[in-house]
Engineer: 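The structure is given below, and queries will be raised subsequently.
A quick note: this is a predicted structure, and the numbers were derived from the prediction, not measured.
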There are 2 protein chains.
Amino acid sequence: MNAPRTARERARAELTREILAAARRQLGEVGPSALSLRAVARELEMASSAIYRYFKSRDELLTALILAAYNDIGDAAESADDPAAEPAERWTAIWRGVRAWALDNPHEFALLFGTPVPGYAAPQETAAAAGRMPLALARVVADAKAAGVLDLPPAPPCDPALIELDLTTLLPDVVFTAEETARILLAWNRLVGIVSYELHGHLVGVTADDAGFFDYAARTSGAFAGLPL
Amino acid sequence: MNAPRTARERARAELTREILAAARRQLGEVGPSALSLRAVARELEMASSAIYRYFKSRDELLTALILAAYNDIGDAAESADDPAAEPAERWTAIWRGVRAWALDNPHEFALLFGTPVPGYAAPQETAAAAGRMPLALARVVADAKAAGVLDLPPAPPCDPALIELDLTTLLPDVVFTAEETARILLAWNRLVGIVSYELHGHLVGVTADDAGFFDYAARTSGAFAGLPL
DNA sequence: GAAAGTGCAAGAGCGGTGCTCTGATTTATG
DNA sequence: CATAAATCAGAGCACCGCTCTTGCACTTTC
């Protein structure tokens with residue numbers, strides 16, 4: 001990502017951004033599977049073939065959108081977090097931030113956590129961005145542990161051999177046990193799972209108050225991860 | 001669903017089954033979004049337009065596939081359950097049964113719990129079939145409660161106003177508290193969530209042993225739902 | 001048994017898709 | 001200024017879901 005020097009490069013960077021912006025707008029309207037390169041081209045009043053100068057396939061455009069969405073949801077999680085607040089409040093705030101983002105951007109959420117597109121596999125480069133949201137959750141637990149207030153309720157033990165992820169590489173200064181890491185993973189999975197259920201209509205006729213049930217899930221998950229209160 | 005009387009009706013029912021079978025086969029190969037009516041027609045060596053005599057749109061075919069998949073996963077859950085076994089064993093067996101089915105039929109699982117197709121909303125008629133799998137989980141908890149061995153570990157309370165679902169209508173003879181119902185719902189959501197994560201590759205580099213981690217999730221979920229052991 | 005009526009398959013066609021190839025045009029550089 | 005590189009529009013390929021009309025084959029009725 002060098003700074004553009006020539007007018008040509010500037011125009012190229014500009015157009016790339018415009019294509020991405022138009023694609024995001026379209027994505028929000030019609031969903032990932034209906035995202036059409038031709039429609040994006042139409043909106044930008046350019047030939048459909050011209051887009052291929054900027055993204056050499058529809059999948060590559062999707063990858064760019066996925067990366068943007070991961071960073072977006074990561075922003076939502078991080079900006080919802082107030083490191084000065086109590087652990088349980090921070091936790092709930094992050095959960096709510098993620099849910100709010102997902103309700104505002106259902107198609108982008110689906111792009112991240114829904115069915116992957118046919119043959120497509122998310123390239124490695126998205127991993128770092130993908131980790132930001134769960135990392136925000138882990139940070140709360142880490143701070144609670146550092147403050148000595150972490151309190152893991154009894155539950156079946158977790159064999160350390162099951163866990164590969166080492167959060168220490170991402171959160172220095174804190175050493176998590178496999179037990180703690182596993183519980184954070186389950187919490188992350190639950191957050192995404194509950195939001196997915198709500199978005200996909202699996203809670204219709206099941207819960208009476210989606211937001212309230214979501215908060216309940218956040219509380220139980222936080223408690224399970226060891227947060228006090 | 002009357003029994004076919006005339007030869008005509010018999011042929012029609014036969015062809016309907018063949019179309020569905022071919023569509024399922026295709027679904028397993030290319031995924032829901034790439035399911036093509038024309039390809040199904042090609043496989044059956046009939047005109048693409050002829051399919052519309054049997055399913056009046058692609059969505060209607062999808063609905064039939066969804067219904068079949070819900071019943072399939074319901075079968076998997078129920079047949080994995082041995083009512084004579086201990087609650088925790090029954091629970092884990094159902095979880096494993098569902099996971100095994102999902103790994104064998106990833107596209108059909110995605111059809112049920114992944115991103116819904118664009119404008120499509122699952123019609124009401126699928127609800128009963130959709131409930132069979134979670135109901136199998138609830139049945140284990142119900143039996144444990146009836147046997148007086150249900151033991152809910154401490155956790156943040158659940159406001160009964162949050163829950164609409166009344167399992168008593170589905171499982172007579174047992175009365176669940178909102179607390180218990182909520183925990184079963186969370187367990188159901190976790191089961192689907194973990195399997196989805198595994199299928200979509202969100203656990204790559206995170207867990208070292210997917211099956212082991214899955215069992216761990218099953219145990220913690222079972223314990224949280226109140227099953228002994 | 002023939003005629004009237006009906007269910008169904010086939011084919012052409014509409015507008016859409018992702019993607020590629022071919023010239024033409026614009027831009028930057030020697 | 002001329003040459004080389006980058007970019008563009010457009011035509012075209014093979015596919016998609018879906019609709020409409022036509023004609024065939026089977027049923028039912030007279």
Side-chain angles (χ1 to χ4, degrees), chain A residues 2-20 22-23 25-27 29-66 107 111 116-121, chain B residues 2 4-20 22-23 25-27 29-66 107 111 115-121:
Chain A
N2 293 335
R5 304 200 57 78
T6 73
R8 197 177 212 120
E9 284 171 2
R10 202 129 42 95
R12 183 182 179 81
E14 173 89 9
L15 238 180
T16 304
R17 269 195 303 275
E18 277 186 35
I19 292 172
L20 250 168
R25 208 173 321 126
Q26 276 224 354
L27 183 67
E29 286 170 10
V30 300
S33 61
L35 196 157
S36 148
L37 269 179
R38 287 170 118 102
V40 171
R42 262 197 305 276
E43 183 174 329
L44 265 44
E45 289 182 326
M46 61 197 304
S48 62
S49 57
I51 304 247
Y52 289 84
R53 298 279 155 187
Y54 299 85
F55 298 92
K56 67 172 180 292
S57 76
R58 185 173 170 273
D59 280 6
E60 196 172 299
L61 214 185
L62 272 180
T63 298
L65 290 172
I66 287 174
H107 290 120
L111 192 59
V117 300
Y120 175 88
Chain B
N2 293 335
R5 302 201 61 77
T6 73
R8 208 185 200 106
E9 284 172 3
R10 205 127 42 95
R12 183 181 179 82
E14 173 88 9
L15 238 179
T16 304
R17 268 194 305 275
E18 275 186 37
I19 293 173
L20 251 169
R25 208 172 321 129
Q26 277 226 351
L27 182 67
E29 285 170 12
V30 300
S33 62
L35 196 157
S36 149
L37 272 178
R38 287 170 117 101
V40 171
R42 259 197 307 275
E43 182 173 332
L44 265 45
E45 290 183 325
M46 62 197 303
S48 61
S49 55
I51 304 247
Y52 289 85
R53 296 281 156 188
Y54 298 85
F55 298 93
K56 66 173 181 292
S57 76
R58 183 173 171 272
D59 280 6
E60 197 171 298
L61 212 186
L62 271 180
T63 299
L65 289 172
I66 288 175
H107 290 120
L111 190 61
T115 318
V117 300
Y120 175 90

Engineer: Roughly, in whole Å, what's the span from CD in E45(A) to P in dG10(D)?
Structural biologist: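 To the nearest whole Å, that distance equals 12 Å.
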Engineer: With a 4.0 Å cutoff (strictly under), does any side-chain N or O of S36(B) reach OP1 or OP2 of dG17(D)?
Structural biologist: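 Checking S36(B) against dG17(D): at least one side-chain N or O falls below 4.0 Å of OP1 or OP2.
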Engineer: Ignoring the backbone of Y52(B), work out which of dG17(D), dA9(C), dG10(D) is nearest its side chain.
Structural biologist: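 Nearest to the side-chain atoms of Y52(B), counting from C-beta on, is dG17(D).
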Engineer: Just to be sure I understand the rule, does L35(A) reach a base, reach only the sugar-phosphate, or reach nothing, if contact means heavy atoms closer than 4.0 Å?
Structural biologist: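 Answer is sugar-phosphate: L35(A) comes under 4.0 Å of backbone atoms only.
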Engineer: Hey, is the side chain of R53(A) poking within less than 4.0 Å of OP1 or OP2 on dT7(D), counting only N and O atoms?
Structural biologist: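 So the side-chain polar atoms of R53(A) never come under 4.0 Å of the phosphate oxygens OP1 or OP2 of dT7(D).
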Engineer: Once you round it to whole Å, what is the distance between P of dT17(C) and CG of D59(A)?
Structural biologist: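 My rounded result for the distance is 17 Å.
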Engineer: To the nearest angstrom, how far is I19(A) atom CD1 from dT7(D) atom P?
Structural biologist: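 The distance from CD1 of I19(A) to P of dT7(D) comes to 11 Å, rounded to the nearest Å.
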Engineer: Start at the 5' end of DNA chain C and walk down; is the nucleotide closest to R42(A) or to A50(B) reached first?
Structural biologist: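 The residue mapped nearer the 5' terminus is A50(B).
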Engineer: From NZ of K56(B) over to P of dG17(D), roughly how many Å is that when rounded to an integer?
Structural biologist: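 These atoms are roughly 17 Å apart.
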Engineer: Name the nucleic acid region contacted by I51(B), choosing base, sugar-phosphate or nothing; use a 4.0 angstrom heavy-atom cut-off, strictly under.
Structural biologist: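 If one applies the 4.0 Å heavy-atom cut-off, I51(B) turns out to touch nothing in the nucleic acid.
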Engineer: Let me know the distance between CD of E14(B) and P of dA9(C), rounded to the nearest Å.
Structural biologist: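 Between P of dA9(C) and CD of E14(B): 13 Å.
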Engineer: Report yes if a side-chain nitrogen or oxygen of R12(A) is closer than 4.0 Å to either non-bridging phosphate oxygen (OP1 or OP2) of dT7(D); otherwise report no.
Structural biologist: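 Checking dT7(D) against R12(A), a side-chain N or O does come within under 4.0 Å of OP1 or OP2.
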Engineer: Write down the distance between OH (Y54(B)) and P (dA9(C)), rounded to a whole number of angstrom.
Structural biologist: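 To the nearest whole Å, that distance equals 4 Å.
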Engineer: Over how many whole Å does the gap from M46(A) atom CE to dA6(D) atom C1' extend?
Structural biologist: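 After rounding, the reported distance stands at 13 Å.
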Engineer: Taking atom C1' of dT19(D) as reference, at what distance in whole Å does atom CZ of R38(B) sit?
Structural biologist: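 Value for this atom pair: 11 Å.
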